[in-house]
**Q** 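Below is the structure I would like to discuss, written out as structure tokens.
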Amino acid sequence: MIVRSLKEIEGTDRHIKAKSGTWESKRILLAKERVGFSLHETTLYAGTETRMWYANHVEAVLCVEGEAELTNEETGEKHWIEPGTMYLLDGHERHTMRPKTDFRCVCVFNPPVTGREDHDENGVYPLLTEDDEG
């Protein structure tokens, strides 16, 4: 059994701050836990824009605080995301998040991330495994 609090993750190597400066993420469960997915609490900062494309992962996101506009860059379709709203990137859609307020969400990734990932120039997380050099 694993019991872990967000507070104990703060300031550790599980607390990732993006190079872009637009988000931070607390990686609650990672690939090394070997449960088949990773679990994160992520905050995207108000007034920023983050372009993402999870070419190697499927991500489910549940908003728990804040508001943001989600744009599907492949269709141009826009969605308003607020607490209690979930979106699933089951088609590896390129997307952009524009938070109106600080936007806090709970995310699940499959395959699980290792905790070392950050978005590359295309918004993609590399597909890393625990066996990769870190």
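The analysis underlying the following values was restricted to heavy atoms, covering all of them including side chains, and did not include hydrogens, waters or symmetry mates.
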**Q** Taking H92's backbone N and O only, do any of them form a donor-acceptor pair with W53's side chain (distance below 3.5 Å, no angle check)?
**A** yes
**Q** For residues E49 and T22, report the shortest heavy-atom separation together with the two atoms involved.
**A** O-CG2, 3.8 Å
**Q** Decide yes or no on salt bridge (Lys or Arg N to Asp or Glu O under 4.0 Å) for K100 and E69, but give the supporting numbers first.
**A** CA-CA 8 Å; K100 177 182 176 186; E69 179 186 76; over 6 Å; no
**Q** Is there a donor-acceptor contact under 3.5 Å from the side chain of H79 to the main chain of L70?
**A** no
**Q** Before you tell me yes or no, could you show the steps for L62 and Y87 under side chain to side chain contact (heavy atoms under 4.5 Å, CB included), namely the whole-Å CA-CA distance, both residues' side-chain angles and the distance that decides it to 0.1 Å?
**A** CA-CA 7 Å; L62 175 65; Y87 63 92; over 6 Å; no
**Q** List the steps, then state whether salt bridge (Lys or Arg N to Asp or Glu O under 4.0 Å) holds for E65 with R104.
**A** CA-CA 5 Å; E65 183 179 342; R104 193 167 57 91; 3.0 Å; yes
**Q** Assign the ring pair F109 / H57 to parallel, tilted or perpendicular, where the plane angle (0 to 90°) is split at 30° and 60°.
**A** perpendicular
**Q** Is the shortest distance from a Lys or Arg side-chain nitrogen in R98 or E67 to a carboxylate oxygen in the other one below 4.0 Å?
**A** no
**Q** Show the numbers, then the answer: is there a side chain to side chain donor-acceptor pair (under 3.5 Å) between S5 and E8?
**A** CA-CA 5 Å; S5 73; E8 69 187 80; 3.3 Å; yes
**Q** Please walk me through it: do E24 and Y45 pass side chain to side chain donor-acceptor pair (under 3.5 Å)?
**A** CA-CA 8 Å; E24 68 180 82; Y45 305 127; 2.6 Å; yes
**Q** Give a yes or no answer on whether the side chain of H95 reaches the backbone of E93 with a donor-acceptor pair at less than 3.5 Å.
**A** yes
**Q** Main chain of R27, side chain of R14: is a donor-acceptor contact present, judged purely on distance under 3.5 Å?
**A** yes
